[in-house]
Amino acid sequence: MRPLTDEETRTMFEKLSKYIGENIKLLVDRPDGTYCFRLHNDRVYYVSEKLLKLATNIARDKLVSLGTCFGKFTKTQKFRLHITALDYLAPYAKYKVWVKPGAEQSSLYGNHVLKSGLGRITENTSQYQGVIVYSMADVPLGFGVAAKSTQECRKLDPMVIVVFHQADVGEYIRHEDTLT
């Protein structure tokens, strides 16, 4: 478990800023304590400094995980967000997409969100902007990238992809053996 290098931090924060913008500082300086990001086995963990001090008593090779896994670095050093970060990203999301009840199941199976399943979308969402996908009852279901801007969505065919899928809460069941 080590701190992120400057390059790793920049890469991770660029990815996070696509979803929550300048609210990244609210993740680190929280009212309930200071939190930080640590790297362990190419995975980035979000952990309180209080818990981090307690974990120093555990050998690195024996430590499986600590805190919440936000994502991992690929072999090409790109950062990929995991669904476990959704609970921390959703409250600070700048751009949101709500799906109709009939399209919830499709998105939870890992499919893209189509125009026919789109309930609402945040105003001024640009194309290729990171969005959090919600149910109509404001329950976060996952996140993805907007395939079309808000203005383009108004005059689209119902079978056109509006949000490219990246992660959803259905992954807890589909990939339970690889999530840590």
Looking at [atom1] of [X] and [atom2] of [Y], how far apart are the two atoms once the value is rounded to the nearest 0.5 Å?
| X | Y | atom1 | atom2 | value |
| --- | --- | --- | --- | --- |
| R43 | C69 | CZ | SG | 5.5 Å |
| I121 | K115 | CD1 | NZ | 9.5 Å |
| L141 | I83 | CG | CD1 | 9.0 Å |
| S107 | L114 | OG | CG | 10.0 Å |

Quiz: residues 56-63 side-chain donor-acceptor pairs under 3.5 angstrom, not counting sequence neighbours:
unit_1	atom_1	unit_2	atom_2	d
T56	OG1	K53	O	2.6
R60	NH2	M1	O	3.3

Taking [X] for the side chain and [Y] for the main chain, is one N or O donor matched with an acceptor at less than 3.5 Å?
| X | Y | answer |
| --- | --- | --- |
| Q129 | K18 | yes |
| E8 | T5 | yes |
| T125 | Y95 | no |
| H112 | H165 | yes |
| T150 | T122 | yes |

Ring geometry between F13 and F37 (parallel below 30°, tilted from 30 to 60°, perpendicular above 60°):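 Ring orientation, 0 to 90° scale: perpendicular.
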Parallel, tilted or perpendicular: rings of Y88 and Y46 (30°, 60°):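 Plane angle over 60°, so perpendicular.
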Ion pair check, R30 and E49, cut-off under 4.0 Å: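 Salt bridge between R30 and E49, a charged N being under 4.0 Å from a carboxylate O: no.
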Shortest non-hydrogen contact between C36 and L52, atoms and distance: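 Closest approach of C36 to L52, heavy atoms only: SG-CD2, 3.7 Å.
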Heavy-atom pair of closest approach, residues G117 and A103: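 In terms of heavy atoms, the two residues are closest at CA-CB, 3.5 Å.
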